[in-house]
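In this chain, residues are counted from 1 in sequence order. Predicted model, so just to flag it, every value in this text is computed and none were measured.
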Amino acid sequence: MKILSFLLTLSFSLYSSEPKNNEFKFDEVAYGTGYGYFESYGLDQTGNSENYDVHLMSVPKEEMTNKFDYILLDLNSDNSGNVSTGMYKFLASDNKAIQNFTFNSASVLINYDVNTYSGDVYFAIDGTVEVKKKKDTYTLSYDLLLENGKVVTGNYEGSLKDWN
């Protein structure tokens, strides 16, 4: 009986820890980001780096008319067609000095209303973004230092749909 109890406990703990929350934390409060998108802006001027915007949102893009929470990550990848897996580091630079596996912009919007342009908006000044991919599932983990000195940490696991 003890073995059966142990197996049930083990299987329950494995099952309950499997799903990851798609969220970011700011000031000890969690904000959901269950919808992921990407859009490509093409190669930089050197032709060595592909620029992608990754949008992680609390609502589908079609519902951005309501208030929502949002993370924007402006990633510079070494791969045309997909966001490459790897560790991306913040690099403050203009568009002429883009390097692979860096990002030079990231934004955090909380309770943002596009109708009134109101809500909390923060910009990153440092941080890291780790991207993993298995088949069509991306796993992103990020830590962003914001201009106000606060830190946002978050993760996303799921597909990244084409913004268009």
Side-chain donor-acceptor pairs under 3.5 Å in residues 108-115, sequence neighbours left out?
| residue | atom | partner | partner atom | Å |
| --- | --- | --- | --- | --- |
| Asp113 | OD1 | Asn115 | N | 2.8 |
| Asp113 | OD1 | Asn115 | ND2 | 3.4 |
| Asn115 | ND2 | Thr65 | O | 3.0 |

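- Heavy atoms only, all atoms of each residue included: Asp74 and Asn104 are closest at OD2-OD1, 3.5 Å.
- Side-chain atoms of Glu157 and Thr137 form no donor-acceptor pair, as typed in the model, at a separation below 3.5 Å.
- Taking the six-membered ring for Trp and the full ring otherwise, His55 and Phe38 have centroids separated by 6.0 Å or more.
- Lys25 places a side-chain heavy atom less than 4.5 Å from the side chain of Thr153.
- The stretch residues 120-160 participates, sequence neighbours left out, in these ring pair (Phe, Tyr, Trp, His ring centres under 6.0 Å) pairs: Phe26-Tyr122.
- Side-chain contact between Lys132 and Lys134: absent, with no pair of heavy atoms (C-beta onward) separated by less than 4.5 Å.
- Counting only heavy atoms from C-beta outward, the side chains of Glu63 and Met57 never approach each other to under 4.5 Å.
- Judged purely by distance below 3.5 Å, without hydrogens or angles, the side chains of Asp78 and Ser84 pair a donor atom with an acceptor atom.
- Each of Asp120, Asp126, Asp143, Asp27 was checked for a salt bridge (charged side-chain N to carboxylate O under 4.0 Å, His left out) with Lys150, and the lone residue meeting it is Asp27.
- Between Gly32 and Asp69, the shortest heavy-atom contact is O-CB, 4.3 Å.
- Considering Phe68, Phe24, Tyr70 in turn, Phe24 is the only one that fulfils the ring pair (Phe, Tyr, Trp, His ring centres under 6.0 Å) rule with Tyr31.
- The two atoms that bring Ser58 and Tyr35 nearest to each other are O-CE1, 3.5 Å, heavy atoms only.
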Q: Applying side-chain contact (heavy atoms from CB on, under 4.5 Å), run through Val54 and Val83 and close with a yes or a no.
A: CA-CA 9 Å; Val54 173; Val83 177; 4.3 Å; yes

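- In this structure, Leu140 and Asn155 have side chains that are not in contact, with every pair of non-hydrogen atoms separated by 4.5 Å or more.
- When all heavy atoms are compared, the tightest approach of Asn82 to Ser77 is O-OG, 3.5 Å.
- Closest heavy-atom contact between Leu144 and Ala124: CB-CB, 4.2 Å.
- Open room surrounds CG on Asp136; 12 or fewer heavy atoms of other groups in view lie less than 6.0 Å from it.
- By the 4.5 Å heavy-atom criterion applied to side chains, Asp53 and Leu72 are counted as neighbours.
- Checked against a 6.0 Å centroid threshold, the rings of Tyr88 and Phe103 do not count as neighbours.
- When hydrophobic side chains of Ile, Leu, Val, Met, Phe, Trp and Tyr are connected at separations under 4.5 Å, Val151 ends up clustered with Ile125, Leu145.
- Taking a 6.0 Å sphere around NZ of Lys67, one finds it holds 12 or fewer heavy atoms contributed by other residues, nucleotides or ligands.
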Q: Could you walk me through whether Asn51 and Asn76 pass the side-chain hydrogen bond (donor to acceptor under 3.5 Å, both in side chains) test, one step at a time?
A: CA-CA 5 Å; Asn51 178 263; Asn76 302 306; 3.1 Å; yes

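- Heavy atoms only, all atoms of each residue included: Lys133 and Thr85 are closest at N-CG2, 3.3 Å.
- For Asn100 and Ser49, the side-chain atoms include at least one donor-acceptor pair closer than 3.5 Å.
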